[in-house]
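Notes follow the structure.
Basis for what follows: all heavy atoms, side chains included, without hydrogens, waters or symmetry-related copies.
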Amino acid sequence: MIIEIVGKPRSGKTALNTLFMYRELIYNGRIMLWHSRSVISGLNKEFAQERDKPLAFPYKPPILANYEAHIRTGFDEVFEPYWLNPYTLGVPTPQTSDKIQFMPPCSCLHITEGRKYWDGRESSSMPDNVSRYFETHGHNYLTIIIDAQRGKALDLNIRENANRFIEVQGMVNDEDAYGRILRSRWYCREFYSLQDYEAYLVGKTCYYRNTMYSYEGNIFELYKSRNCQHDFVPPKGRDYSLLEFVSQSELHKLNRKIAEIYDTTRPKWYRNNKATAA
């Protein structure tokens, strides 16, 4: 199954993605682990003569993510998902077999900021082995949950294989008198076909249902909610921009690098390559 979660920035997309992770772990974690280990056991028997050593068994529920999450499961026990790099997802080929991640069967993959990896404007250039991965993921009993900001932000090859499309309309947090979050609710619209979803995006008649998800507690304690913050940290040798307005006469006195920042004409490098339509 592939689930696409969309919504405006800070609408609660990754928080909802994490809620699904929490529910999988709490309600299905043991079953996922048992099922995964059972499938791997069968594969080890099937390929016993071909392999130098048996395939490894996951030691915790096979939940993977490309962002930090910490789910408390006991007084001093915290679950952290296995690490996932979305760039390494794909069906192995002779050129990529040593570069991709082989996910344990029955895994659930949680991916945030999906457009970074599979931009819908570049659908025509998606490698065939990556496209086949999303077409055949069910053969390995995988569930893939991806959040992105806009309906067509994700590659068409992924959207065509998605089973559910969830648009987060808004997230409401109930707080106590001290501003601490007590519970959260997500108000969503859900679509079960690409045709309905894309008709909705252009304002045509379509079928969807309104849904609401809730979590008792502070969902932001379960994951690093601002996981892209490091993209905004200046690299070594740079610092935050604290420029003041200057007059044209003052502008000529500035060094070239600073003066370029004040130049509001379109840079040559900006959108230099035309993106293909999704």
Side-chain angles (χ1 to χ4, degrees), residues 1-8 11-29 31-32 35-36 61-67 69 71 81-82 84 86 89 103-120 123 126 130-171 184-201 206-215 219 222-223 227 278:
M1 174 182 286
I2 298 176
I3 301 174
E4 179 182 350
I5 303 173
V6 299
K8 295 180 179 179
S11 63
K13 303 181 299 296
T14 305
L16 183 60
N17 202 336
T18 305
L19 175 67
F20 291 160
M21 181 192 300
Y22 170 84
R23 290 184 171 183
E24 288 154 11
L25 176 65
I26 300 302
Y27 301 119
N28 299 317
I31 295 175
M32 290 175 64
H35 192 188
S36 181
I63 298 173
L64 301 94
N66 69 328
Y67 62 96
I71 300 176
Y82 293 104
L84 159 67
L89 298 183
M103 302 302 166
C106 314
S107 294
C108 189
L109 316 183
H110 295 262
I111 301 165
T112 188
E113 301 297 340
R115 179 182 174 182
K116 173 181 177 181
Y117 310 98
W118 310 293
D119 195 325
S123 292
M126 176 180 271
V130 177
S131 180
R132 289 202 308 275
Y133 187 88
F134 290 98
E135 294 167 3
T136 62
H137 69 283
H139 293 225
N140 200 34
Y141 309 100
L142 300 179
T143 297
I144 306 173
I145 304 176
I146 308 172
D147 65 64
Q149 288 188 6
R150 293 184 293 103
K152 291 189 176 182
L154 281 182
D155 193 290
L156 179 61
N157 296 282
I158 297 176
R159 298 202 309 273
E160 286 183 334
N161 290 287
N163 307 88
R164 291 169 61 190
F165 303 88
I166 303 176
E167 182 182 76
V168 180
Q169 297 287 297
M171 177 183 181
S184 297
R185 296 187 300 277
W186 293 261
Y187 295 93
C188 308
R189 289 176 177 171
E190 296 200 29
F191 307 79
Y192 293 92
S193 76
L194 179 63
Q195 292 74 20
D196 277 327
Y197 182 48
E198 298 203 330
Y200 167 77
L201 293 177
C206 61
Y207 172 77
Y208 66 84
R209 67 189 184 104
N210 293 310
T211 56
M212 190 271 286
Y213 297 92
S214 63
Y215 175 77
I219 190 70
L222 304 187
Y223 74 106
N227 54 80

Exercise for review: Could you point out which residue of Y208, Y207, F165 forms a ring pair (Phe, Tyr, Trp, His ring centres under 6.0 Å) with F191?
Suggested key: Y208
Check your understanding: How long is the gap from CD on E135 to CD on E160, to the nearest 0.5 Å?
Key -> 8.5 Å
Exercise for review: Using a 4.5 Å cut-off on heavy atoms from C-beta on, say whether the side chain of C108 contacts that of M32.
Suggested key: yes
Check your understanding: Going by atom types only, do Y117 and N66 share a side-chain donor-acceptor pair under 3.5 Å?
Key -> yes
Practice item. Might you point out which heavy atoms bring I146 and G114 nearest each other, and give the distance in Å? Key: CG2-CA, 3.8 Å
Review point. Rounded to the nearest 0.5 Å, how far does CG of N163 lie from CG of L194?
Key: 11.5 Å
Review point. Salt bridge or not for E4 and R159, using N-O below 4.0 Å?
Key: no
Study note, to complete from the structure: When rounded to the nearest 0.5 Å, the distance separating OG of S131 from CD1 of I158 is 8.5 Å
Exercise for review: Let me see the working for F134 and N157 under side chain to side chain contact (heavy atoms under 4.5 Å, CB included), right down to the final yes or no.
Suggested key: CA-CA 8 Å; F134 290 98; N157 296 282; over 6 Å; no
Practice item. Would you check if Y22 and I219 make a side-chain contact, meaning some heavy-atom pair closer than 4.5 Å? Key: no
Review point. What is the distance from atom OG1 of T14 to atom CG of L19, rounded to the nearest 0.5 Å?
Key: 12.5 Å
Point to revise | I63 backbone acceptor or donor facing S107 side chain under 3.5 Å | key: no
Point to revise | Test side chain to side chain contact (heavy atoms under 4.5 Å, CB included) applied to L154 and V6, step by step | key: CA-CA 10 Å; L154 281 182; V6 299; over 6 Å; no
Practice item. Measure the spacing between CE of M21 and CG of L109 and express it to the nearest 0.5 Å. Key: 10.0 Å
Check your understanding: Would you find a donor on one side and an acceptor on the other, under 3.5 Å apart, between the side chain of N140 and the backbone of C106?
Key -> no
Practice item. Could you tell me whether the side chain of H137 and the main chain of T143 form a donor-acceptor pair under 3.5 Å? Key: no
Exercise for review: Considering non-hydrogen atoms only, spot the tightest contact between A15 and M171 and give its length.
Suggested key: CB-CE, 4.0 Å
Check your understanding: R209 and Y192: which non-hydrogen atoms are nearest, and at how many Å?
Key -> NH2-OH, 2.8 Å
Exercise for review: Look at the side chain of N210 and the backbone N and O of R189, then say whether any donor-acceptor pair between them is shorter than 3.5 Å.
Suggested key: no
Point to revise | Point-to-point distance, once rounded to the nearest 0.5 Å, from CG of L89 to CE of M103 | key: 5.0 Å
Review point. If you count the non-hydrogen atoms of other residues, nucleotides and ligands that lie under 6.0 Å from OH in Y141, is the total more than 12?
Key: no
Practice item. May I ask you to test the R164-E190 pair for a side-chain heavy-atom distance under 4.5 Å? Key: yes
**Study point:** 4.5 Å side-chain heavy-atom contact, I111 and L84
**Key:** yes
Study note, to complete from the structure: In terms of heavy-atom contacts, A199 and C206 come closest through CB-CB, 4.0 Å
Practice item. Using the side chain to side chain contact (heavy atoms under 4.5 Å, CB included) rule, take Y213 and R23 through it: C-alpha gap first, then chi angles, then the decisive distance, then the call. Key: CA-CA 11 Å; Y213 297 92; R23 290 184 171 183; 3.6 Å; yes
Check your understanding: Quick one: are I166 and W186 in side-chain contact, heavy atoms under 4.5 Å?
Key -> no
Practice item. Please test F20 against I5 for side chain to side chain contact (heavy atoms under 4.5 Å, CB included), starting from the C-alpha separation and ending with a verdict. Key: CA-CA 11 Å; F20 291 160; I5 303 173; 3.9 Å; yes
Exercise for review: Indicate the atoms forming the closest heavy-atom contact of S214 with R185, along with that distance.
Suggested key: CB-CG, 4.1 Å
Revision key, fill the gap. In terms of heavy-atom contacts, P104 and S36 come closest through CB-OG, 3.8 Å
